[in-house]
2 protein chains.
Amino acid sequence: MRPSAKKIASLLSQKGYKLTAQRRAVIDVVVNSHEHLAPAALYERVRRTHPAIGLVTVYRTLEMLHELGLICRVHRGEKHGYTLAPSGHHHHLVCTECGTVADFTGCDLEALQQRLSQQTGFKIEGHLLQFLGYCRDCQGGT
Amino acid sequence: MRPSAKKIASLLSQKGYKLTAQRRAVIDVVVNSHEHLAPAALYERVRRTHPAIGLVTVYRTLEMLHELGLICRVHRGEKHGYTLAPSGHHHHLVCTECGTVADFTGCDLEALQQRLSQQTGFKIEGHLLQFLGYCRDCQGGT
DNA sequence: TTATAAATGAAAAACATTTTCAATTAAGTA
DNA sequence: TACTTAATTGAAAATGTTTTTCATTTATAA
């Protein structure tokens with residue numbers, strides 16, 4: 001379930017963070033986008049409604065949202081970006097053309113993880129999984 | 001199978017790249033390390049045997065090796081590094097303490113991939129999978 | 001050897017991200 | 001509503017990483 005801007009805002013309040021116009025603006029952009037956005041791209045979008053915001057504030061807000069687990073990082077080659085986090089364990093399917101992100105659950109890696117633990121002696125704490133491809137809208141062109 | 005420095009060197013030659021002392025030095029460091037190394041870390045190690053090498057050359061050599069598929073990129077939070085690539089499709093198990101990398105094959109994601117294609121309409125072209133944990137040697141301490 | 005294109009290293013440029021700090025402001029309190 | 005105060009902000013500087021530029025050097029083939 002994708003959280004709403006309102007929900008995220010009230011959560012920040014709860015945690016003792018101040019609800020500034022800048023933070024609301026950043027949250028709005030993240031909530032209203034299904035792509036993963038790099039800090040600079042997000043900054044550009046936020047500036048449309050909030051021209052005086054500083055890039056630093058965008059970075060700081062993203063960091064805060066990330067720490068609270070409200071947004072998550074998407075990998076794409078050398079670049080990366082942030083996207084809204086649904087609740088619970090999930091992963092991403094990313095369109096390499098337009099950046100659209102689809103979430104999915106049920107990664108079902110337990111068996112593989114156990115096999116690897118046994119084979120290597122590693123104590124496994126987590127994993128990184130992401131699929132890359134073309135979304136429905138981007139399958140036509142090159 | 002981990003390729004040897006000799007094998008990599010002859011492959012470069014074959015492809016028309018010149019075999020310089022600097023390239024040999026970078027390759028040696030990569031081959032003789034089981035950790036994933038960031039460009040700067042690699043540079044420091046190469047400098048031990050080759051003090052005059054430039055950081056730029058390290059970057060360029062890594063890029064070249066990466067393009068040829070001889071090394072691959074390991075993700076770890078904000079940081080990343082390179083490690084030797086075994087032949088064929090594989091993934092990494094990374095120790096978050098010391099950076100040691102173990103390769104594994106048999107990720108077995110076909111079924112999941114097919115399910116996601118159907119559910120989302122994405123045309124999936126690839127995936128990113130990596131396990132994180134503590135290697136045998138790093139499980140004791142904090 | 002020699003010729004030559006490829007490769008190198010230093011320096012500068014280009015980016016991305018973080019730090020610093022004085023000014024501003026949200027939110028609780030009187 | 002008007003304070004108070006700590007949190008937040010934005011500009012500028014600092015930091016760190018990666019890329020570009022260009023004159024010099026060098027591996028390789030003739």
Side-chain angles (χ1 to χ4, degrees), chain A residues 5-6 8-29 36-68 70-71 73-82 99, chain B residues 5-6 8-29 36-68 70-71 73-82 99:
Chain A
K6 198 173 278 187
I8 291 178
S10 79
L11 215 146
L12 287 199
S13 230
Q14 250 179 61
K15 295 267 177 180
Y17 292 99
K18 288 185 181 172
L19 271 184
T20 63
Q22 292 91 330
R23 285 178 178 169
R24 286 178 192 279
V26 171
I27 292 168
D28 277 347
V29 169
H36 65 291
L37 297 170
L42 227 144
Y43 171 62
E44 284 313 322
R45 292 212 189 174
V46 173
R47 248 146 60 106
R48 292 179 197 164
T49 60
H50 214 279
I53 198 172
L55 178 56
V56 208
T57 300
V58 174
Y59 271 97
R60 286 191 279 229
T61 304
L62 288 175
E63 188 190 357
M64 180 190 71
L65 294 171
H66 191 236
E67 295 238 311
L68 294 173
L70 297 168
I71 57 174
R73 181 181 280 261
V74 171
H75 301 261
R76 186 163 146 209
E78 317 291 284
K79 294 161 185 174
H80 65 264
Y82 293 94
Chain B
K6 198 173 280 187
I8 292 177
S10 78
L11 215 146
L12 287 199
S13 229
Q14 250 178 62
K15 295 266 177 182
Y17 293 98
K18 289 186 181 173
L19 271 184
T20 63
Q22 291 91 330
R23 286 179 175 169
R24 286 176 192 280
V26 170
I27 291 168
D28 277 349
V29 168
H36 65 290
L37 297 169
L42 227 143
Y43 172 61
E44 284 312 324
R45 291 212 189 174
V46 172
R47 249 145 62 104
R48 291 179 197 162
T49 60
H50 214 279
I53 198 172
L55 178 56
V56 208
T57 300
V58 173
Y59 271 97
R60 287 192 277 227
T61 304
L62 288 174
E63 191 190 355
M64 179 190 72
L65 294 171
H66 190 235
E67 294 238 311
L68 294 173
L70 297 168
I71 58 175
R73 182 180 279 261
V74 171
H75 302 260
R76 187 163 146 208
E78 317 293 281
K79 292 162 186 176
H80 64 262
Y82 293 94

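Please read all numbers here as calculations on a predicted model, not as lab measurements. Just so it is clear: chains get the letters A, B, ... in the order the sequence lines come, proteins before strands, and each one is counted from 1.
Nearest heavy atoms, B/His50 versus B/Ala21: NE2-CB, 3.7 Å.
Side-chain nitrogen and oxygen atoms of B/Thr57 include none within less than 4.0 Å of the OP1 or OP2 phosphate oxygen of C/dA7. For the pair A/Thr20 and D/dA7, the criterion of a side-chain N or O lying under 4.0 Å from OP1 or OP2 is not met. Side-chain N/O atoms of B/His50 include none lying less than 4.0 angstrom from OP1 or OP2 on C/dT8. Phosphate contact (OP1/OP2 of C/dT25, side-chain N/O of A/Gln22, threshold under 4.0 Å): absent.
Remark: the backbone N or O of A/Lys18 is paired with a side-chain donor or acceptor of A/Arg23 at under 3.5 angstrom.
Salt-bridge annotation for B/Glu63 and B/Arg60: absent, with no side-chain N of the basic residue lying under 4.0 Å from a carboxylate O of the acidic one.
Rounded to a whole Å, the NZ atom of B/Lys18 is 15 Å from the P atom of C/dA3.
Note on A/Ala38: nothing from the nucleic acid sits closer than 4.0 angstrom, heavy atoms only. A/Arg23 comes within 4.0 angstrom of sugar-phosphate atoms only, judged by non-hydrogen atoms across all strands, and of no base.
When the nucleotides C/dT17, D/dT21, D/dA11 are ranked by their closest atom to the side chain of A/Pro39, C/dT17 comes out on top.
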For DNA chain C, what string of dots and brackets results from 5' to 3' when Watson-Crick and G-U pairs need both distances under 3.5 Å, crossing pairs get [ ], and pairs with another strand get |?
||||||||||||||||||||||||||||||
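By the 4.5 Å heavy-atom criterion applied to side chains, B/Thr57 and B/Thr20 are not counted as neighbours.
When each of B/Leu55 and B/Ala21 is assigned the nucleotide of DNA chain D with its nearest heavy atom, B/Leu55 is the one assigned upstream, toward the 5' end.
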